[in-house]
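A short worksheet on the structure shown next.
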Amino acid sequence: LFSYAQGTFNSNTASGNWAAAGSWTLTGGADGDGIPDSNDDVTILNGHIIHVSDGGGAPSTHEVDDITINTGGTLRTNSGTIVRTLNVFGDLTISSGGTYTANNVGAAVHFLNIAGNFTNNGGTFTPVNGTVSLLVTFNGTTNQQINGTSATQTFVNIIVNKTAGTTLSVAGSTTTLNVADLTETTGNFTAPATLNATGIIILTAGTYTAGANTTVGGDFTNNGGTFTHNSGTVTFNGTGAQAINGTAASQTFNNIIVNKTVGTTLTVGGSTATLNVTSLTETQGNFTAPATLNATGTITLTAGTYAAGAD
C-alpha cells in the first residue's frame with residue numbers, strides 16, 4: 001500500500017466507512033488521499049460510527065498507527081459476509097463510554113492485528129455479536145500490553161505472534177482476562193491473576209507465565225513452548241473430553257484441579273508421557289494419567305475415576 005506523510009484525523013460523520021474520505025477530517029500533518037494509512041493517527045469522536053470497510057464486495061485491509069475511540073464514538077466491523085482486517089501499527093485505546101464492536105449483521109470472522117498496546121479505559125469491547133466475531137493478533141516487535149482501567153477484559157481468540165524475546169503482558173487495572181482460545185505462536189505471554197479460557201490454550205514457542213488462577217475448557221497443548229506455572233493453579237472445567245497434550249515429552253504444573261462435567265475425562269496424551277505436579281485434585285469428572293506422574297504434594301480424589309499410568 002502507498003503511504004503518505006503522517007497525518008492526524010478525526011471522524012467526520014454520523015456513520016461512514018473507513019475507506020471513504022468523507023468519513024474523516026484531517027486535523028494535522030499531511031495526507032494525500034484523505035484516508036488514514038499505516039502512519040496516521042485517528043480519533044473517533046462522540047456520536048460517530050466508523051465501519052472498518054471500503055464498502056466493496058471483496059475482502060479489504062485498512063491501516064492506522066494510533067487509534068483512540070472517544071466517549072460516545074464507535075468503531076464497528078462491517079455488516080455482511082465480507083472479511084475486513086484492521087492493522088494497527090501503534091496503540092488502540094477505548095475511552096470510557098467508547099465502543100469497539102463486531103456488527104451483528106451477517107456472518108463473518110474479521111481480524112484485528114495490533115503492534116502496540118490494547119487499552120480499555122472503561123469502554124465497551126464486543127468481539128462477538130451474533131454470528132460475527134473479531135479475532136485479535138498481537139504482532140509487535142517490542143513489548144506490548146493489554147491494559148487500562150477495566151478490571152476484566154474479554155476477547156474471542158487471542159494470538160500472540162510477536163518478535164521472539166518480546167512479551168505481551170496483561171497489566172494496568174486488568175486482573176481478569178476471558179478468552180475462547182489463546183495461541184502463543186512466537187514471543188512471550190504474561191497472564192493476569194485470572195485467565196479464563198473456554199476453549200484451548202496452545203503453546204508453540206516462547207514462554208507463557210501463568211497467573212494465580214487459570215481455567216481451561218478445552219485442551220492444553222504444548223508444542224514446544226515454556227509454561228511457567230508461577231505457583232498458580234490450573235483448573236480443567238470443560239463439559240467434554242479434554243487433554244493435556246502436544247509434542248512436549250514432559251509437562252510441569254503447580255496445582256491441577258479436575259472439575260469437569262460428570263462422566264467426561266481429562267487425559268494426558270500426545271507425546272506427553274510425564275506429568276509433574278505439586279498437587280492434583282479430582283473434584284468431579286475423570287482423569288487419565290500418562291505413563292509417569294510425579295506429585296511432590298498431595299493427590300486428592302473426591303469424585304470420578306482416576307486411571308493411573310505405569311509409574
Side-chain angles (χ1 to χ4, degrees), residues 160 164-165 167-170 177 179 181-311:
V160 181
T167 301
L168 169 66
S169 58
V170 183
L177 183 66
V179 299
D181 299 337
L182 191 147
T183 302
E184 187 176 355
T185 304
T186 57
N188 306 319
F189 176 70
T190 300
T194 300
L195 185 141
N196 301 310
T198 58
I200 60 177
I201 294 177
I202 301 176
L203 312 181
T204 302
T207 298
Y208 181 115
T209 302
N213 296 289
T214 303
T215 61
V216 185
D219 293 345
F220 186 100
T221 302
N222 191 331
N223 287 326
T226 298
F227 179 67
T228 302
H229 60 63
N230 205 21
S231 299
T233 297
V234 179
T235 301
F236 291 87
N237 64 351
T239 59
Q242 293 180 259
I244 298 170
N245 59 18
T247 61
S250 175
Q251 297 198 45
T252 299
F253 294 77
N254 184 41
N255 300 326
I256 287 180
I257 296 175
V258 181
N259 190 21
K260 298 175 47 52
T261 299
V262 173
T264 66
T265 302
L266 170 65
T267 302
V268 183
S271 298
T272 302
T274 300
L275 183 65
N276 303 309
V277 300
T278 300
S279 68
L280 189 147
T281 302
E282 188 176 350
T283 303
Q284 184 172 275
N286 306 320
F287 177 70
T288 300
T292 300
L293 188 143
N294 301 311
T296 59
T298 60
I299 294 178
T300 304
L301 309 181
T302 302
T305 300
Y306 182 112
D311 297 314

- Message: Could you measure the distance from the CD1 atom of Ile256 to the CG atom of Leu275? Nearest 0.5 Å is fine.
- Response: 4.5 Å
- Message: Walk me through whether Leu195 and Leu182 qualify under side-chain contact (heavy atoms from CB on, under 4.5 Å).
- Response: CA-CA 10 Å; Leu195 185 141; Leu182 191 147; 4.0 Å; yes
- Taking the side chain as C-beta and beyond, is there a heavy-atom pair between Val179 and Leu177 under 4.5 Å? yes
- Message: Would you compute the distance between atom OG1 of Thr305 and atom CG of Leu301 and round it to the nearest 0.5 angstrom?
- Response: 9.5 Å
- Query: Under the 3.5 angstrom rule, does the side chain of Asn222 hit a backbone N or O of Gly224 as a donor-acceptor pair?
  - Reply: yes
- Item | Full working for side-chain hydrogen bond (donor to acceptor under 3.5 Å, both in side chains) between Gln284 and Lys260 | CA-CA 5 Å; Gln284 184 172 275; Lys260 298 175 47 52; over 6 Å; no
Kindly list each side-chain donor-acceptor pair under 3.5 angstrom involving residues 197-220, sequence neighbours excluded, with atom names and distances?
unit_1 : atom_1 : unit_2 : atom_2 : d
Thr215 : OG1    : Asn196 : OD1    : 2.8
Asp219 : OD1    : Ala243 : N      : 2.8

- Item | Intermediate values then yes/no, side-chain contact (heavy atoms from CB on, under 4.5 Å), Thr252 and Phe227 | CA-CA 8 Å; Thr252 299; Phe227 179 67; over 6 Å; no
- Message: So, taking the atom named CG in Asn223 and the one named CD in Glu184, what distance separates them when rounded to the nearest 0.5 Å?
- Response: 12.0 Å
- Message: If I compare all heavy atoms of Phe236 with all of Gln242, which pair ends up nearest, and what's the gap?
- Response: CD2-NE2, 3.5 Å
- Query: With respect to Thr278, which candidate in Asn255, Thr233, Asn254 satisfies the side chain to side chain donor-acceptor pair (under 3.5 Å) definition?
  - Reply: Asn254
- Item | Shortest non-hydrogen contact from Pro290 toward Ala273 | CB-O, 3.5 Å
- Item | Contacts of type side chain to side chain donor-acceptor pair (under 3.5 Å), residue Thr272, not counting sequence neighbours | Gln251
- With sequence neighbours excluded, tell me which residues meet side chain to side chain contact (heavy atoms under 4.5 Å, CB included) with Ser271. none
- Nearest non-hydrogen partners of Thr283 and Ala303, listed with the distance: O-CB, 3.3 Å
- In Å, rounded to the nearest 0.5 Å, how long is the span from OG1 of Thr221 to CG of Asn245? 3.5 Å
- Which residues pass the side chain to side chain contact (heavy atoms under 4.5 Å, CB included) test with Ser250, sequence neighbours left out? Thr274, Asn276
- Mind checking what makes side chain to side chain contact (heavy atoms under 4.5 Å, CB included) contact with Thr298, not counting sequence neighbours? Ser279, Thr300
- When every non-hydrogen atom of Thr261 is compared with those of Thr239, the smallest separation belongs to OG1-CA, 3.2 Å
- Item | ring pair (Phe, Tyr, Trp, His ring centres under 6.0 Å) contacts in which one or both residues fall within residues 266-290, not counting sequence neighbours | Phe287-Tyr306
